[in-house]
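Only a predicted model underlies this, so the values are computations on that prediction, with no experimental measurement involved.
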Amino acid sequence: MPASLIIVAGTPHNLEDVCKAFSVKQKSPDAVIVALNPSRASDSPFSKPMAPPRFMADSVANTITAMKQHGVPKIVVMQALGVGDSFPNMSVWMRWVRHWTYMKHSYDDHDLVDKEIKSSGVNYVLPRPPWLTNGRARPVRTFGNNGHGVGSFATISRESVADFLLDACERDTWDKSTPVIAS
């Protein structure tokens, strides 16, 4: 573990824990990255959700409160293709899966996060990747805020998403946007 890494125990669902994480260093961060997903009964994306219905939305609301208290101007939240205005550009079978399986709970929470952040007044980037893979980082293509043209079988590696999240923190290219990204 790098010496500069500080681990703060807690849950993003508790405002005091989030504020404690912002207070461990003298200088506040320049941005916050959130890559939450509600817990499930198993690793299957179709398994029963175990987290409360607003786990992500409430956690992000706590993060935004802490950001405002500590003067942090930007949040980058990993979402998913099919959230918000990218829903119409999901494949038909994924729209069915999103609506009729337990995945609906996660997507509904992501939609609440979208609304929470956009109404907060903080600067944001909400990248929306499609199917995640375990491959190496590859160049990332963006498909606007709604994903038009992303295709039915688009993928992106987790490593590529991580690189994009860091770029989104450091650059203003995607500020106040919800870019659909794929490799």
Side-chain angles (χ1 to χ4, degrees), residues 1-40 49-86 105-129 132 137 139-145 156-183:
M1 180 171 15
S4 62
L5 182 64
I6 299 171
I7 297 174
V8 179
T11 172
H13 213 228
N14 180 315
L15 178 58
E16 285 181 24
D17 290 345
V18 176
C19 289
K20 185 171 50 172
F22 278 79
S23 301
V24 296
K25 289 237 175 189
Q26 298 247 338
K27 182 184 178 302
S28 293
D30 296 324
V32 173
I33 295 175
V34 177
L36 286 176
N37 200 38
S39 60
R40 301 180 299 258
M50 302 304 290
R54 289 184 45 92
F55 174 73
M56 290 187 296
D58 291 344
S59 297
V60 165
N62 287 339
T63 303
I64 290 169
T65 298
M67 287 172 62
K68 288 179 177 180
Q69 289 175 3
H70 293 272
V72 179
K74 187 175 193 176
I75 187 167
V76 178
V77 180
M78 182 175 149
Q79 293 203 304
L81 176 63
V83 174
D85 55 1
S86 69
H105 300 285
S106 292
Y107 274 95
D108 287 350
D109 203 1
H110 274 296
D111 284 337
L112 292 170
V113 167
D114 182 79
K115 291 175 184 158
E116 186 81 40
I117 289 173
K118 289 178 178 176
S119 67
S120 72
V122 300
N123 193 7
Y124 64 86
V125 182
L126 307 176
R128 296 177 174 165
L132 298 175
V140 173
R141 296 178 298 152
T142 58
F143 295 86
N145 289 327
I156 189 168
S157 72
R158 287 172 175 82
E159 197 172 315
S160 295
V161 173
D163 288 349
F164 187 89
L165 295 174
L166 290 172
D167 284 348
C169 284
E170 295 174 345
R171 298 173 23 193
D172 62 2
T173 308
W174 304 283
D175 287 2
K176 301 278 186 183
S177 71
T178 59
V180 173
I181 59 173
S183 292

Exercise. Apply the side chain to side chain contact (heavy atoms under 4.5 Å, CB included) test between Met56 and each candidate in Asp111, Val113, Leu112; give the one that qualifies.
Key: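 Only match with Met56 under side chain to side chain contact (heavy atoms under 4.5 Å, CB included): Val113.
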Quiz item: Taking Ser59 as the fixed residue, which of Glu116, Arg54, His13 is the one that meets the side chain to side chain contact (heavy atoms under 4.5 Å, CB included) rule?
Solution: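 Result for side chain to side chain contact (heavy atoms under 4.5 Å, CB included) with Ser59: His13.
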Looking at side-chain heavy atoms only, is the closest gap between [X] and [Y] below 4.5 Å?
X	Y	answer
Arg158	Pro129	no
Val161	Ile181	yes
Arg128	Asp85	yes
Trp174	Thr142	yes
His105	Pro38	no
Asp108	Pro53	no
Lys118	Thr178	yes
Tyr124	Lys74	no

Exercise. Could you check Val77 against Leu36 for side chain to side chain contact (heavy atoms under 4.5 Å, CB included), going step by step and ending with a plain yes or no?
Key: CA-CA 8 Å; Val77 180; Leu36 286 176; over 6 Å; no
Check [X] against [Y] and note the closest heavy-atom contact, atom names and distance.
X	Y	result
Tyr107	Ala80	OH-CB, 3.9 Å
Val18	Thr11	CG2-O, 4.2 Å
Ser86	Val180	CB-CG2, 3.9 Å
Asp109	Ala57	OD1-N, 3.0 Å
Ile33	Cys169	CG1-SG, 3.4 Å
Ile156	Ser183	CG1-OG, 3.3 Å

Value rounded to 0.5 Å, distance of [atom1] in [X] from [atom2] in [Y]:
X	Y	atom1	atom2	result
Phe55	Ser39	CZ	OG	7.0 Å
His70	Cys19	NE2	SG	5.0 Å
Asn145	Ser177	CG	OG	5.0 Å
Met78	Leu132	CE	CG	4.5 Å
Ile64	Gln69	CD1	CD	12.5 Å
Asp163	Leu165	CG	CG	9.0 Å

Quiz item: Between the side chain of Lys68 and the main-chain N/O of Gly121, is any donor-acceptor distance below 3.5 Å?
Solution: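 No: the side chain of Lys68 does not pair with the backbone of Gly121.
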Self-check item: Expected output: side-chain Ser157 to main-chain Ser160 donor-acceptor under 3.5 Å
Solution: yes
Quiz prompt | Stepwise side chain to side chain contact (heavy atoms under 4.5 Å, CB included) check, Thr65 with Leu15 | solution = CA-CA 8 Å; Thr65 298; Leu15 178 58; 4.0 Å; yes
Practice problem: Show the numbers, then the answer: is there a side chain to side chain contact (heavy atoms under 4.5 Å, CB included) between Phe22 and Val32? | Solution: CA-CA 10 Å; Phe22 278 79; Val32 173; 3.6 Å; yes
Quiz item: Does a sphere of radius 6.0 Å around NZ in Lys20 hold more than 12 heavy atoms from other residues, nucleotides or ligands, not counting ones at 6.0 Å or beyond?
Solution: yes
Practice problem: Walk me through it: do His110 and Asn37 pass the test side chain to side chain contact (heavy atoms under 4.5 Å, CB included)? | Solution: CA-CA 9 Å; His110 274 296; Asn37 200 38; 3.9 Å; yes
